[in-house]
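Values below: every heavy atom of this structure, side chains too, minus hydrogens, waters and symmetry copies. A quick note: this is a predicted structure, and the numbers were derived from the prediction, not measured. Letters A, B, ... mirror the listed sequences (proteins, then strands); counts begin at 1.
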Amino acid sequence: MLYKETLHKLIELTDNKEVTPKDIYDSLLRRIKQKDTDINAYVSVFEEFAPNDKTGILRNIPITIKDNMHIKGKKTTCSSKILENYTAIFDATVVEKLKNEGSVFIGKTNLDEFAMGSSTETSYFGTTRNPWDLTKIPGGSSGGSAAAVASGEAICALGSDTGGSIRQPAALCGVVGLKPTYGRVSRYGLVAFASSLDQIGPITKDVEDAAILMNIISGKDPKDSTSADVAVDDFTKYLNTDISGMKIGVYDKVLQDCSSDVGKSMEESIDIFRRLGCELTSVDLPNAKYAVSDYYIIAPAEASSNLERYDGVKYGFRADNYENLKDMYIKTRSQGFGTEVKRRIMLGTYVLSSGYYDAYYLKAQKLRGLIKQDFDRAFEQFDVIIAPTTPTEAFGIGEKANNPLQMYLSDIFTIPASLAAIPAISIPNGISKNSLPLGLQIMANVFREDNIFKCASAYEKEFNIIKNLPLD
Amino acid sequence: MINEDDIRKIAALAMLEIEQDDIGKFTQQFGEILDYMKEIDNLDLSGQEAAFHITKLNNVFREDKTKESLDNETALSNAPESMEGAFKVPRVI
C-alpha cells in the first residue's frame, strides 16, 4: 500500500529502513497495472527500476513527469502524433535537478496535445479519466499527472501550467497543484507552447510535498534566459506557521459565475481563514474579467510561432506522400497535429496577421499590462488573494469537446494569475454533492510563494480531503 | 464576420490543410470565439503600454565562448531522414 503515501512520508520510511525504494517502485507498478487501463493517466511506464546512485533528499523515490518534459533516452510525445516517436536527447533542467537529488522516474503522463486543452481529451493517445468518476474529465492539460497522483498511480508529479494546466486538473482531481512565479523554474527541456506563460510546477497529495519539490526545481538556469535570478528559499520553513493577521483579498465577484457547490465551499473557506485569525476583505480586479479573451489571443499567437518547428525535417513525424518540400510541410503538419492544435495555430496566425495585429495582438498585450496592474494594486493591500480554482466540478467526457469556447471558459479563474505571471496554488476545498472534488486557489505577488505556502499549509491542517482520495 | 475563404487563407499561412468537411465547423467556431473577444473592443487602452515582457526582464547576455554541444549523430537521431551527417529534405531546385 506504499503507493498511497505522500513523498515526505516515504522519505521518512526509507530513512528508517522500513521500506526500500524498490518496494515503493513495485507497489506503484502494481497500482498502475491495476488502474491505468481505466484511467489512462500514463503515456509510457518504465517497467524497470533503475536506481540512481546520487545521494539526495529524494532517496530513489519515483517521480512522475508530464510527457512534455524531456528525460534523456525516453520518449517525449506531448501526446501528439507528430512526436509519437521522438526520443529525448537531453534532460530538462527540472529532470536533471530531480536526478541530482536522487530521484528515479516511473513514467510520463498524458496531456492535452501540446498542453492545449482543459480536459486531456485532445490527447492523441486517448482521454484520461477522472479517478473519482470515470465518466468525468480529469481537467487539463496536466490531467494525466493529476489523475495519477489522485489515484495512487504516482507518489507525486510535475505538470506544466500555461493558463491553468496544473491548477485546474489538481482541483478537479482533489490534489494540490502549484504554478510558481513566471521565471521561478527553468523551462529548459519543456516543450514550448506559449513562452511568456509556460511554467513547470508540482502536483502532489499535500502541501508539504509541493514545498519539497519546489525546493529542488526552483532557481536560475543559464540554459533558460527567462529564469529569474532570485534567491531560492527553503519553502518547507513556511509550513505549519501561524497565519493570524494575514491579509486576504477575496475575489468574490466571480462567485456569480460558479455552481452552488463552489459558492458554498468558498463561504466555508472564508470561515476557516477567519477562524485562523486572518483579515478577509473583498477585492476587485476590474480587468480580470477580460482574461479569457486576452489569453486566447496571446497564447495561440505564441503557439503559432513555437509550433512552426514541426516541419517533418529535424524530428518527429513526416508524411509519406508529397509532391515537393512545401507539400511535405503541409501534409506533415496536417496529418501530425490534432484538431485543437490546428485551431490554436490558426487563431494565432490570424491575430498576428497583417491588418489584425493592432486590433488583437497589440491590444491584448496592453490589456495584459492592465490585468497585471490590477494585481499590483491589490498586493499593496493583501498578502494573498483567494478565489475558486474552477467555476464548477469536473464536467463529463465529451460534454465540451465540440465547443471550444465553452472549453476555454472553464479556465476563467486560473488565467488571470498566468497573465500576471504571479504564483498560484490550488488546494482541495471540499466535495460537491455529486461526490467530486473542488479546489481553492491562493494567489500571491511575484516571488511570494512563501505566502502561498504559509496560507495553504495552515488551511490544509484545518481542512483537507486526503482521506477521501480514490486510493482503494 | 469570418468566412470560409478566410479560414482557408489562414490555414494556408499556417502551412495547414483543413478538410473540406471541417471548414464549416472551423468557420463557425472561429466566429464564436472572435465574437466573444469583442468584449475588449471598447476598452480604452490608448495610454497603456504593451506588456511584451511581463516580468520586465532585460536582455540576458552570456560570454561568447564555445561550449560542449550535441554531436552530429545525436542531433540527427530523431530526423525522419538524414544523409551524410545532414537532414535530408525533398529536392528544392
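Contact of A/Tyr295 with chain B is not made at all, since no heavy-atom distance falls under 4.5 Å. The part of A/Lys372 that comes within reach of chain B is its side chain, from C-beta onward, which places non-hydrogen atoms under 4.5 angstrom from that chain. Using a 4.5 Å cut-off between heavy atoms, B/Val89 contacts chain A through both its backbone and its side chain. Neither the backbone nor the side chain of A/Thr332 comes within less than 4.5 Å of any heavy atom in chain B. Looking at A/Leu409, the atoms closer than 4.5 Å to chain B (heavy atoms on both sides) all sit in the side chain, from C-beta outward. There is no contact between B/Leu76 and chain A, counting heavy-atom distances below 4.5 Å. Of the atoms belonging to B/Phe87, it is side-chain heavy atoms, and not backbone ones, that fall under 4.5 Å from chain A. For A/Glu323, no part sits under 4.5 Å from any heavy atom of chain B, backbone or side chain. Proximity to chain A is absent for every atom of B/Lys38, based on heavy atoms less than 4.5 angstrom apart. Residue contact with chain B, scored on non-hydrogen atoms closer than 4.5 Å, is absent for A/Ser304. For A/Met346, the parts lying under 4.5 angstrom from a heavy atom of chain B are both the backbone and the side chain. For A/Phe90, no part lies near chain B; criterion is any non-hydrogen pair under 4.5 Å.
Ranked by heavy-atom pairs under 4.5 Å with chain A, the list B/Asp41, B/Thr74, B/Ile7, B/Leu34 is led by B/Leu34. Ranked by heavy-atom pairs under 4.5 Å with chain B, the first of A/Thr181, A/Val313, A/Val351 is A/Val313. Across B/Ile40, B/Val60, B/Leu13, the residue that shares the most heavy-atom pairs under 4.5 angstrom with chain A is B/Ile40. Here A/Thr226 is the residue among A/Thr226, A/Val446, A/Asn85 with the most heavy-atom pairs under 4.5 Å with chain B. Note on B/Arg62, B/Glu49, B/Glu32, B/Gln29: by heavy-atom pairs under 4.5 Å with chain A, the leading option is B/Gln29. For the set B/Pro80, B/Ala75, B/Ala79, the count of heavy-atom pairs under 4.5 angstrom toward chain A peaks at B/Pro80. Considering only heavy-atom pairs separated by less than 4.5 Å from chain B, the leading option among A/Lys331, A/Lys314, A/Gln335, A/Glu308 is A/Lys314.
Nearest heavy atoms, A/Leu347 versus B/Phe30: N-CZ, 3.6 Å. Smallest separation of non-hydrogen atoms from B/Glu39 and A/Ser293: OE2-OG, 2.8 Å. Listed here is the closest heavy atom pair of A/Leu370 and B/Gln48: CD2-OE1, 3.3 Å. Between A/Lys342 and B/Ile18, the shortest heavy-atom distance links the atoms CD-CD1, 4.1 Å. When all heavy atoms of A/Arg318 and B/Glu81 are compared, the closest pair comes out as NH1-OE2, 2.9 Å. When all heavy atoms are compared, the tightest approach of B/Ile33 to A/Pro404 is CD1-CB, 4.3 Å.
Looking at A/Lys366, its side chain never comes within 3.5 Å of a backbone N or O of B/Ser46 through a donor-acceptor pair. For the pair A/Asn324 (side chain) and B/Pro90 (backbone), a donor-acceptor distance under 3.5 Å is absent.
Remark: A/Arg343 qualifies as a cation-pi partner of B/Phe26 under the 6.0 Å distance and 45° angle criteria applied to the six-membered ring.
In this structure, the side chains of A/Lys326 and B/Met15 come closer than 4.5 Å at one or more pairs of heavy atoms.
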